[in-house]
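Heads up, the thing below is written out as structure tokens.
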There are 2 protein chains.
Amino acid sequence: MEQQSLNRAGLKQCIIDGGLKATHQRIVIFEALEALHGHHPTAEDVFQLLKPANPSISLGTVYKTLDSFVEAALIRRVLSEEGGKRYDANTVSHSHIYCSNTKEIIDYEDAELEQLLQDFFSKRNVENFEIKSFAVQLTGNKVEPDKQISIKPVN
Amino acid sequence: MEQQSLNRAGLKQCIIDGGLKATHQRIVIFEALEALHGHHPTAEDVFQLLKPANPSISLGTVYKTLDSFVEAALIRRVLSEEGGKRYDANTVSHSHIYCSNTKEIIDYEDAELEQLLQDFFSKRNVENFEIKSFAVQLTGNKVEPDKQISIKPVN
DNA sequence: CTAATTGCAAACTATTTGCATCTTG
DNA sequence: CAAGATGCAAATAGTTTGCAATTAG
């Protein structure tokens, strides 16, 4: 269910396989993206996570690196309604739920749904387009998430 | 297939029904959004379209109006990978195709697909979420659109 | 009339760019 | 060592805000 979390050597190899130089900055940025799995961070989020342990890293480098990673298909840019750029190290085909209240983007992995769409689009011909991938975007609201979590009192 | 295009009186009524004051600016902005149906314009796009005929309109008003319209559910904000805010006057449930080459967002209306998903999610229970809507996001490339169009030579 | 809306300009936030310096392969 | 990457600072988008003047209901 969880994607295999990679160690630095593994991450380094991924970066090289993507045709990029494996600099220290790129390795720690990739590592941060893995740590933020499911959180769909912005460049700023990644930068903030890295800064304490890497005080010399620059925000500009984070921006450039994220672009390079997307270009190399190591990560994806996530669609956003809010107009900021977000990133996702999870490259397995999956869908997202957009919470209208909290503006969170939550991963939704549903094998049955993926299969259903796979079947549909293998039959269906979309005119003038070569379809590379698809994902469902669900919009809704978290149902009382705080209440659920705090239901069991801490004694 | 096409959504009914409304005249100014109709647009004005929509705005009022949305609980907003029907100012001249709002009417022409709504009109511009209808004219740009399928183009998923930015605030700037709308502004540029309006300026010639409405030289006194301000970009700030366009931003505020688009926000009000989204709030009132008269239009939708469209998800974007590129990080800008785009708007869609088409409020009928439909999907979008994202062209990797041109970065265009193209409407994809497929009744069978909508029905398929409707059925799927009426059975499927998404944990902790009340799903309000769904849409499929297709990613791909336009297949030689220029070539296709120019195949018939103009003699 | 009065509450909401507009236009304008200034303020912000997010992102990109140019370039001298440093690093990886 | 050469090509490519980094850090920094300045530049550029894109969007929001505050407020006096205006307008719709």
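These numbers come from the heavy atoms of this one structure, side chains and all, not from hydrogens, waters or symmetry mates. Since the model is a prediction, treat every value here as computed from it, not as a measurement. Naming: A, B, ... by sequence-line order, numbering from 1 per chain.
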- [ ] Say whether Asp110(A) and His94(A), considering side chains only, have a donor N or O and an acceptor N or O under 3.5 Å apart.
- [x] no

Task: Spacing between Ile16(A) atom CD1 and dG4(D) atom P, to the nearest angstrom - done: 16 Å

Open item on the list: Within the 3.5 Å criterion, strictly below it, is a donor on Gln25(A) or Asn54(A) matched to an acceptor on the partner's side chain?
Closed with: no

- [ ] Return the value, rounded to whole Å, for the distance between atom CG of Leu50(B) and atom P of dT6(C).
- [x] 12 Å

TODO: Would you mind telling me which residue lines up with the more 5' stretch of DNA chain D, Thr23(B) or Thr42(B), judged by nearest nucleotide?
DONE: Thr42(B)

TODO: If the plane angle is over 60° it's perpendicular, under 30° parallel, otherwise tilted; pick one for Phe69(B) and Phe30(B).
DONE: tilted

TODO: Estimate the overall bend of the helix from dC1(C)-dG25(D) to dG25(C)-dC1(D) from the end axes over five pairs each, rounded to 10 degrees.
DONE: 50°

Task: Presence of Lys85(A) side-chain N/O under 4.0 Å of dT13(C) phosphate oxygens OP1/OP2 - done: no

Open item on the list: If I take atom CD1 in residue Ile15(B) and atom C1' in nucleotide dT6(C), what distance separates them, rounded to the nearest angstrom?
Closed with: 15 Å

TODO: Between Ala43(A) and His24(A), name the one whose nearest nucleotide on DNA chain C is closer to the 5' end.
DONE: Ala43(A)

Task: From dT5(C), dT16(C), dT15(D), nucleotide with atom closest to Tyr63(B) side chain - done: dT15(D)

- [ ] Round to a whole Å and report the spacing from CD of Glu44(A) to P of dT16(C).
- [x] 14 Å

TODO: Name the residue closer to the 5' end of DNA chain D, choosing between Lys21(A) and Arg86(B) according to the nucleotide with the nearest heavy atom.
DONE: Lys21(A)

TODO: Scan Ser56(B) against the nucleic acid and name what it touches under 4.0 Å (heavy atoms): base, sugar-phosphate only, or nothing.
DONE: sugar-phosphate

TODO: From the options dC19(C), dT5(C), dT23(C), select the nucleotide whose nearest atom is closest to the side chain of Lys64(A).
DONE: dC19(C)

- [ ] Specify the separation, in whole Å, of atom NZ of Lys12(A) and atom C1' of dT24(C).
- [x] 9 Å

- [ ] For atom CD of Glu82(A), decide whether the heavy atoms of other residues, nucleotides or ligands shown that lie under 6.0 angstrom number more than 12.
- [x] yes

- [ ] Report the nucleotide, chosen from dC8(C), dG25(C), dT16(D), that has the shortest atom-to-atom distance to any side-chain atom of Ser58(B).
- [x] dC8(C)

Task: Thr65(B) side-chain proximity, nearest of dT15(C), dA5(D), dT6(C) - done: dT6(C)

- [ ] Without swapping roles, check the side chain of Arg86(A) against the backbone of His40(A) for a donor-acceptor pair under 3.5 Å.
- [x] yes

Open item on the list: Does Gln48(A), at its CD atom, have more than 12 non-hydrogen atoms belonging to other residues, nucleotides or ligands within less than 6.0 Å?
Closed with: yes

Task: Separation of dT23(C) C1' from Arg26(A) CZ (nearest whole Å) - done: 11 Å

Open item on the list: We want to know whether His37(A) and His39(A) form a side-chain donor-acceptor pair, criterion being a heavy-atom distance below 3.5 angstrom.
Closed with: no

- [ ] Let me know the distance between CD of Glu82(B) and C1' of dG14(D), rounded to the nearest Å.
- [x] 14 Å

- [ ] Please state how far atom CG in Leu59(B) lies from atom C1' in dA11(C), giving the value in whole angstrom units.
- [x] 15 Å

Task: Nearest-neighbour nucleotide for the Thr61(B) side chain, dG7(D), dT24(C), dT6(C) considered - done: dT6(C)

Task: Proximal nucleotide (of dT16(D), dG7(C), dT24(C)) relative to the Gln25(B) side chain - done: dG7(C)

Open item on the list: Holding to ring-ring contact (aromatic ring centres under 6.0 Å, His included), I want the full list of residues that pass it with Phe121(A), two or more places apart in sequence or in another chain.
Closed with: Phe134(A)

